[in-house]
Number of protein chains: 2
Amino acid sequence: MPGIPNDQIIDEMESLLNIASDFTRLKIMYAISEGERSVGDIVAEVGASQSLVSHQLKVLRKANLVSTRKDGTRVYYSLADDHVIALLNVVYEHVTEE
Amino acid sequence: MPGIPNDQIIDEMESLLNIASDFTRLKIMYAISEGERSVGDIVAEVGASQSLVSHQLKVLRKANLVSTRKDGTRVYYSLADDHVIALLNVVYEHVTEE
DNA sequence: TTATTATATGAACACACATTCATATTTCAA
DNA sequence: TTGAAATATGAATGTGTGTTCATATAATAA
């Protein structure tokens, strides 16, 4: 990969990384990494308030990192594609090597 | 990978992603991705002010994402390890797929 | 020494955004 | 309908940080 990508690409990379670089959102992404989960399930597993989880789910949705499916009163969230997992894995590996 | 990593891991992941999620720092990392470069070279290639580049190099250095070598009045920076490139690649690929 | 080049640093400002609290909306059951 | 459960939203606040400007430090040459 020769040279620095153009500004638009860099901008989009910055945006994606910004979305990913948040404690609550990281937990949410892991919470749905093995399949769709309802908001209630995510709230329980992440251990944050319902409001915060809902706000952050909206951020993830707006960035197209998650998909939704509605069923009755519940909404099920899942990761939009495999790149997200790949990103989490690369970062996880960097962090867990002494 | 079963379950959400513990809070400390998530914290460190957040930190790394935070460092990476900046327009100027992304450009700097690309500028030194093919080998060490002096601050002056980086300033020229990135197209930001000397002060800004120096400030952001300090951020990258503090996070151990870059290494330095001093030679006379010049300081040469290079990426600390291959994880950084791997991270950039994953993000780049995500962004450049329609 | 003095001058010049290369790099680093400190203060200040502006702006973005994560979180909380309160409330609204939706869906379904009784 | 009324009530309860699940989810979403809006406002307000506090904190973090990217950038600029001015200046400091370090190294070398003349």
Side-chain angles (χ1 to χ4, degrees), chain A residues 4 7-8 10-32 36-79, chain B residues 4 7-8 10-32 36-79:
Chain A
I4 305 178
D7 283 8
Q8 190 197 331
I10 296 288
D11 248 333
E12 290 173 20
M13 292 178 71
E14 178 187 358
S15 295
L16 171 58
L17 287 163
N18 256 314
I19 302 290
S21 63
D22 173 77
F23 189 82
T24 306
R25 289 193 291 266
L26 280 171
K27 284 189 163 186
I28 290 175
M29 288 186 281
Y30 272 110
I32 61 178
E36 63 175 17
R37 296 286 189 277
S38 72
V39 176
D41 290 341
I42 298 170
V43 167
E45 192 171 353
V46 166
S49 72
Q50 184 274 322
S51 176
L52 177 55
V53 168
S54 184
H55 275 297
Q56 301 302 2
L57 281 171
K58 187 176 187 177
V59 173
L60 292 169
R61 202 178 24 186
K62 190 176 176 189
N64 292 314
L65 294 184
V66 300
S67 312
T68 62
R69 179 177 70 85
K70 202 167 184 179
D71 181 28
T73 67
R74 303 183 204 229
V75 179
Y76 291 88
Y77 283 79
S78 53
L79 292 179
Chain B
I4 304 178
D7 283 7
Q8 190 198 333
I10 295 288
D11 248 333
E12 292 172 20
M13 292 179 69
E14 178 186 0
S15 296
L16 172 58
L17 287 163
N18 255 314
I19 302 290
S21 64
D22 173 76
F23 189 82
T24 306
R25 290 194 291 268
L26 280 171
K27 283 189 162 185
I28 290 175
M29 289 187 280
Y30 272 110
I32 61 178
E36 64 175 17
R37 296 285 188 278
S38 71
V39 176
D41 291 340
I42 298 170
V43 167
E45 192 172 356
V46 167
S49 72
Q50 184 274 322
S51 177
L52 177 54
V53 168
S54 185
H55 275 298
Q56 301 302 1
L57 280 170
K58 187 176 186 177
V59 173
L60 292 169
R61 200 179 26 186
K62 190 176 176 190
N64 293 314
L65 295 185
V66 300
S67 311
T68 62
R69 179 177 69 85
K70 201 168 185 178
D71 181 27
T73 66
R74 300 182 208 232
V75 180
Y76 292 89
Y77 282 78
S78 53
L79 291 179

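Just so you know, these numbers use all the heavy atoms, side chains as well, and skip hydrogens, waters and symmetry mates. Reminder, nothing fancy here: chain letters follow the sequence lines and each chain counts from 1.
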Most 5' of A/Val59 and B/Arg74 on DNA chain C, judged by nearest nucleotide: B/Arg74
B/Glu14 side chain reached by B/Asp11 side chain, heavy atoms, under 4.5 Å: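 They are in contact (side-chain heavy atoms under 4.5 Å apart), so the answer is yes.
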Under 3.5 Å, which N/O atoms of the protein pair with N/O atoms of nucleotides 24-30 of chain D?
none

Show me the donor-acceptor pairs within less than 3.5 Å that the side chains of residues 41-49 of chain B make with the rest of the protein, sequence neighbours left out.
| from | atom 1 | to | atom 2 | distance (Å) |
| --- | --- | --- | --- | --- |
| B/Asp41 | OD2 | B/Ser38 | OG | 3.2 |
| B/Ser49 | OG | B/Leu52 | N | 3.0 |

Under the side chain to side chain donor-acceptor pair (under 3.5 Å) test, residues paired with A/Glu12 that sit two or more places apart: A/Gln8
Partner residues of B/Arg69 under the side chain to side chain donor-acceptor pair (under 3.5 Å) criterion, sequence neighbours left out: B/Glu36
Test side chain to side chain contact (heavy atoms under 4.5 Å, CB included) applied to B/Thr68 - qualifying residues, sequence neighbours left out: B/Arg61, B/Val75, B/Tyr77
If only side-chain N and O atoms of [X] are considered, is one of them under 4.0 Å from the OP1 or OP2 phosphate oxygen of [N]?
X	N	value
A/Tyr76	D/dA6	no
B/Thr24	D/dT19	yes
B/Gln56	D/dT19	yes

Verdict with reasoning, B/Leu16 to B/Leu65, per side-chain contact (heavy atoms from CB on, under 4.5 Å): CA-CA 9 Å; B/Leu16 172 58; B/Leu65 295 185; 3.8 Å; yes
Positional range of nucleotides in DNA chain C within the contact set of chain A, heavy-atom, under 4.0 Å: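 For DNA chain C, the relevant span reads C/dA18 to C/dC28.
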Distance, rounded to the nearest Å, where B/Glu14 contributes CD and D/dG16 contributes P: 12 Å
Length of the line joining B/Leu57:CG and D/dT17:P, which is rounded to integer Å: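 After rounding, the reported distance stands at 18 Å.
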Per-nucleotide pairing state of DNA chain C [Watson-Crick or G-U, under 3.5 Å; [ ] pseudoknot-crossing; | other strand]: ||||||||||||||||||||||||||||||
Indicate every side-chain donor-acceptor pair of residues 19-32 of chain B with a distance under 3.5 Å to a residue at least two apart or in another chain.
| from | atom 1 | to | atom 2 | distance (Å) |
| --- | --- | --- | --- | --- |
| B/Ser21 | OG | B/Leu17 | O | 3.1 |
| B/Ser21 | OG | B/Asn18 | O | 3.0 |
| B/Asp22 | OD2 | B/Thr24 | N | 3.1 |
| B/Asp22 | OD2 | B/Arg25 | N | 2.9 |
| B/Arg25 | NE | B/Ile19 | O | 2.6 |
| B/Arg25 | NH1 | B/Gln56 | OE1 | 2.8 |
| B/Arg25 | NH2 | B/Asn18 | O | 3.3 |
| B/Arg25 | NH2 | B/Ile19 | O | 3.4 |
| B/Lys27 | NZ | A/Asp7 | OD1 | 2.8 |

Nucleotide N/O to protein N/O under 3.5 Å, stretch nucleotides 2-4 of chain D:
none

Selection: residues 39-55 of chain A, any non-hydrogen atom under 4.0 Å of DNA chain D: A/Val39, A/Gly40, A/Gln50, A/Ser51, A/Ser54, A/His55
Near-strand residues of residues 15-23 of chain A, defined as heavy-atom separation under 4.0 angstrom from DNA chain D: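 Hits under 4.0 Å, by residue number: none.
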